[in-house]
Q: 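First the structure, which I've put down as structure tokens, then a few questions once you've had a look.
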Amino acid sequence: MPNRFQIKFWGVRGSIPCPGTHTVRYGGNTSCVEMRVNGERLIFDGGTGLRILGESMVSEMPVQAHLFFTHSHWDHIQGFPFFVPAFVKGNRFSIYALPSPNGATIKQRLHDQMLHPNFPVPLQIMQANLQFYDIEIGDTVKLGEVTIETARLNHPGEAVGYRVNWRGLSACYITDTEHFPDRLDENVLRLSHQADVVIIDTTYTDEEYYDEKCSKVGWGHSTWQEAIKIAKAAQVKQLVLFHHDPSHDDTFLDRLGEQATSAFPNSILAREGLEIDLTAHSQV
Ligand SMILES: [Zn+2]
Ligand SMILES: [Zn+2]
């Protein structure tokens with residue numbers, strides 16, 4: 001679809017999938033967001049939402065897409081071994097990520113995830129054309145007119161945030177990241193500056209984050225209150241709260257959404273199936 005910039009959410013949770021009767025409306029799958037930009041298909045993270053996205057692609061095969069991983073914690077890679085189009089010859093996928101601090105490439109980490117005793121079939125069984133790219137912080141990936149910028153996030157074991165730009169429109173994917181106690185994160189501010197859409201890690205509330213009995217300080221995630229500080233300072237047009245904690249059920253998230261909207265009117269909660277069309281300036 002040339003001349004369009006569309007975002008679709010396939011998995012919006014952090015940590016672990018949490019299907020069940022209390023998470024029906026926001027969804028229980030872990031992180032996976034698709035952006036269709038000027039005919040290019042970009043996929044951010046391969047949490048369990050990637051399995052559902054893959055099913056939707058089967059009828060369109062042969063397909064090609066670019067997969068950008070923020071990092072390789074389980075909730076961001078567990079859908080990959082169940083991504084059906086990767087098993088089918090004729091499909092093409094370019095896969096981008098930072099090497100981990102111990103030097104392991106994304107190819108190695110996705111490969112290791114599928115080894116015995118963790119999984120029955122190895123990555124080599126995948127018949128699609130898979131190209132792996134190790135990126136560095138600060139790199140910009142160019143796909144025709146579409147550019148994808150990168151920035152370092154504050155997360156145990158490192159993570160990278162992305163900003164997609166095309167013809168003056170922009171959308172950021174910023175998860176997993178923890179705020180700093182004494183200042184706004186300059187990397188996050190710069191990446192999200194005046195962006196049309198910023199999808200951001202809001203795993204916790206401030207109350208949970210600073211809970212004296214079970215503090216979340218140092219766990220690598222942020223709060224919706226901190227995300228709104230970023231949105232205001234960076235003049236973000238629309239903020240999308242993302243990477244919901246698995247303990248936050250539909251009712252809790254409804255309430256959280258109301259609080260966030262009253263503090264920053266252009267904020268919404270990510271939910272499975274949510275679509276945002278930057279070209280139409282509308283959401284469905
Ligand atoms: Zn995560
Ligand atoms: Zn993580």
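Given the structure is predicted, the values throughout are model-derived calculations rather than measurements. Remember, it's 1-based here, ligands and their atoms both numbered in the order they're listed.
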Q: Distances under 2.8 Å only: what protein N/O/S atoms are near the Zn ion (ligand 2), ordered by chain and residue?
A: His71 NE2, His73 ND1, His155 NE2, Asp176 OD2
Q: Name the residue from Leu253, Asp250, Leu269 that meets the side chain to side chain contact (heavy atoms under 4.5 Å, CB included) definition with Arg25.
A: Asp250
Q: Describe, in one word, how the ring planes of Tyr209 and Tyr204 are oriented to each other, choosing from parallel (under 30°), tilted (30 to 60°) and perpendicular (over 60°).
A: tilted
Q: Taking Phe44 as the fixed residue, which of Trp10, Tyr96, Tyr162 is the one that meets the ring-ring contact (aromatic ring centres under 6.0 Å, His included) rule?
A: Tyr162
Q: Side chains of Arg167 and Asn3: does their closest heavy-atom pair fall under 4.5 Å?
A: yes
Q: Is the His73 ring parallel, tilted or perpendicular to the His71 ring (thresholds 30°, 60°)?
A: perpendicular
Q: Report yes if the side chains of His243 and Asp75 come closer than 4.5 Å at any heavy-atom pair, otherwise no.
A: yes
